2 protein chains.
Amino acid sequence: MATLKDVAREAGLSVGTVSRVLNNRGYISDETRQSVNRAMKKLNYQPNEMARSLSKQRSSMIGVIVPSISHPYFSKLVESLESSAHHEEYEILLFVSQGRPDREEEYVRACISNRVAGLILCTGSVRTARLKNLGFPVVAYERLLNDADAGVECDNYEGGSLAAEELIRCGCRNLLCISGIGEVSMPADVRRDGFLETCARHEGISVRSFACSEESISDLKYKTQLQTCMDQNLGVDGVFASSDVIAAELLGVLRARGQRIPEDVKVIGYDDVFVSELTTPELTTIHQPVKEMAQTCIDIIRRAAAGEAYPARTVLRVNLVQRGSTRMLRGD
Amino acid sequence: MATLKDVAREAGLSVGTVSRVLNNRGYISDETRQSVNRAMKKLNYQPNEMARSLSKQRSSMIGVIVPSISHPYFSKLVESLESSAHHEEYEILLFVSQGRPDREEEYVRACISNRVAGLILCTGSVRTARLKNLGFPVVAYERLLNDADAGVECDNYEGGSLAAEELIRCGCRNLLCISGIGEVSMPADVRRDGFLETCARHEGISVRSFACSEESISDLKYKTQLQTCMDQNLGVDGVFASSDVIAAELLGVLRARGQRIPEDVKVIGYDDVFVSELTTPELTTIHQPVKEMAQTCIDIIRRAAAGEAYPARTVLRVNLVQRGSTRMLRGD
DNA sequence: TTAAACATGTTAACCGATTGACATAGGTAC
DNA sequence: GTACCTATGTCAATCGGTTAACATGTTTAA
């Protein structure tokens with residue numbers, strides 16, 4: 001495997017000059033630049049990132065810790081993160097914590113050992129080791145973490161509120177809020193609060209709340225619980241589920257009970273992942289601007305690396321996407 | 001940030017001894033081991049993986065290149081890969097190629113630069129740069145790649161065959177095979193072959209074939225095409241779709257046309273991802289042993305690193321999972 | 001008693017870059 | 001003619017580990 005030294009020899013230049021070309025430092029003539037490029041191509045040179053990272057005290061990798069990746073919300077997030085990272089010449093070092101605090105800590109340590117350029121944390125568990133002074137920025141994604149250097153989230157309260165408004169607008173009077181995925185911590189709690197409080201501001205609306213538990217976040221199976229839930233909550237004519245996956249399963253559960261959607265019961269999901277367009281009827285849902293959120297995370301890390309200032313907290317707007325699960329008429 | 005030298009000083013030992021403890025080489029007494037551990041803990045020492053990788057000529061990262069990650073099949077795969085990798089003390093360096101050959105090449109180069117321990121390729125495009133003598137093993141996942149060091153796949157022919165047998169057993173006579181995702185290359189072609197050839201071996205079975213095109217693999221939207229498809233193929237009473245996502249969308253399309261499932265049309269998907277349990281009815285599908293396939297990939301890389309022999313090609317068995325989309329009675 | 005095996009130390013080269021200090025020129029501007 | 005910019009070279013330290021060679025003891029076993 002060719003090294004910088006080989007390239008320098010091939011191009012008839014010194015390592016210093018070649019390094020300058022690679023890192024765009026100091027003065028370099030076009031001619032030199034070209035002959036370096038020629039030599040690199042000829043020798044099929046690939047810079048050794050390990051050596052590079054060692055000498056600059058930072059790698060070009062961004063650590064990403066998610067609780068699950070098979071969950072469509074997180075797979076969409078990771079795809080978006082990868083895409084944004086690629087634009088900025090970063091790579092993704094991916095860790096799946098399964099929501100287990102021990103793994104999270106272990107993974108944070110792995111990021112430290114790899115001297116990542118930044119760490120994006122979207123964990124379920126609260127207890128996480130000290131995240132201060134790690135030498136790189138830690139971005140908390142959809143999660144309040146006072147130890148983190150920055151936070152990126154969407155307006156969950158508004159999301160819950162929009163869902164309530166829509167159901168009420170569609171004529172529902174007996175509402176139900178089902179929360180689930182990793183809702184121990186902040187974000188989805190706030191969704192529920194937004195939903196419940198908005199309902200309370202309207203006359204003649206009854207509203208109940210149900211919390212799904214989950215063994216593993218990668219399980220994605222809620223049917224039994226949803227059956228129990230619907231048994232306990234008869235007469236409901238509008239449901240807000242805190243994720244599209246839950247909402248999608250709910251459609252099946254409701255149908256099995258002979259309830260038509262949206263005629264008898266209207267359903268709103270959350271996230272706007274592909275699942276919401278896969279069901280029949282398609283799901284009305286709250287769109288999270290995942291791409292923008294991902295871009296924001298990467299941008300924070302880029303800025304931190306460049307020594308620029310970056311926002312401590314970014315809250316992005318959500319919006320309602322109307323589809324068949326709340327709408328009588330098909331109007332696509 | 002503490003270094004090995006600091007740890008050695010703190011423990012009153014030499015760097016050589018500390019390194020021996022870290023790498024389990026040579027003779028070390030329990031006492032020494034403990035005092036090293038104590039010192040590491042006290043200084044909160046995290047070994048610098050960059051330096052480690054540089055001196056051993058290899059990192060502990062495994063490069064993974066997938067065409068998409070929002071597609072549930074690949075997100076399940078990546079989750080499994082991460083899990084297996086974690087057991088073997090590897091980390092995942094994730095790349096999403098979007099099926100674009102230029103990105104693939106770029107990502108292969110990134111893996112070389114990062115001196116990965118191995119590379120797992122599951123790409124859609126055929127043309128990929130030379131993969132020989134990269135200094136690490138390249139494992140082709142569900143893809144025939146003569147340049148790769150090893151291949152891991154499932155028995156796609158058998159999968160197609162099982163689907164045909166099931167539909168015929170359920171009484172279908174007018175079959176349709178819908179293929180899609182990345183089927184330019186080998187694996188899904190073989191699924192179709194297995195399906196078609198098995199049909200041909202039965203009397204009185206008519207069978208047609210339809211290929212979905214796709215702009216982007218992360219799109220996951222086939223509805224329009226599926227409508228066209230069903231317009232062109234009237235009278236079909238059994239469909240084999242080459243992925244659960246396509247099958248799930250098909251359910252909606254069929255329902256919109258007033259066809260009941262499974263009474264009027266039976267549907268079989270492929271992959272056995274969570275989507276197949278999310279639809280109503282749930283999807284009968286061909287289960288791919290993704291976890292085992294992932295484990296096999298990681299194991300090949302581990303063996304290669306240890307200088308052990310490993311299989312050049314591994315073909316894993318698939319099996320049929322019966323659910324509501326082919327079965328009249330509910331028997332869960 | 002003597003040879004292994006055990007346990008640690010010292011030293012230094014090496015992995016493949018980056019980077020700064022300092023030197024050397026040719027060209028241009030005033 | 002002096003000063004400055006441009007362009008490159010040389011040299012060596014540095015990043016933080018790994019590892020081999022060699023030395024020096026202490027135990028243990030035959």
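Keep in mind that this is a model prediction, so the values were computed, not measured.
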B:Pro47 backbone acceptor or donor facing A:Ser113 side chain under 3.5 Å = yes

Dot-bracket encoding per residue of DNA chain C, Watson-Crick/G-U cut-off under 3.5 Å, | denoting interstrand = ||||||||||||||||||||||||||||||

Partner residues of A:Glu89 under the side chain to side chain contact (heavy atoms under 4.5 Å, CB included) criterion, sequence neighbours left out = none

Could you work out which one of C:dT18, C:dA5, D:dT19 sits closest to the side chain of B:Tyr27?
-> C:dA5

With the sugar-phosphate defined as primed atoms, P, OP1 and OP2, and the base as all remaining atoms, what B/S/- string results for nucleotides 25-30 of chain D, 5' to 3', for protein heavy atoms under 4.0 Å?
-> ------

Spacing of A:Arg52 atom CZ relative to D:dG17 atom P, expressed in whole Å = 21 Å

Are the side chain of A:Ser83 and the backbone of A:Glu79 linked by a donor-acceptor contact shorter than 3.5 Å?
-> no

Heavy-atom contacts under 4.0 Å between residues 8-22 of chain B and DNA chain C, which residues?
-> B:Gly12, B:Leu13, B:Ser14, B:Thr17, B:Arg20

Want to settle it: does B:Asp30 or B:Ser55 sit nearer the 5' end of DNA chain C, counting the closest nucleotide to each?
-> B:Asp30

Donor-acceptor pair, B:Asp6 side chain versus B:Thr3 backbone, under 3.5 Å?
-> yes

Side chains of residues 24-31 of chain B: which donor-acceptor partners sit under 3.5 Å, not counting sequence neighbours?
unit_1, atom_1, unit_2, atom_2, d
B:Asn24, OD1, B:Arg33, NH1, 3.4
B:Ser29, OG, B:Thr32, N, 3.2
B:Ser29, OG, B:Thr32, OG1, 2.8

Set of residues satisfying ring pair (Phe, Tyr, Trp, His ring centres under 6.0 Å) with respect to A:Tyr107, sequence neighbours excluded = A:Phe95, B:His86

Spacing between A:Gln46 atom CD and C:dA17 atom P, to the nearest angstrom | 11 Å

For atom CG of B:Asn24 and atom C1' of C:dA7, their distance in whole Å = 15 Å

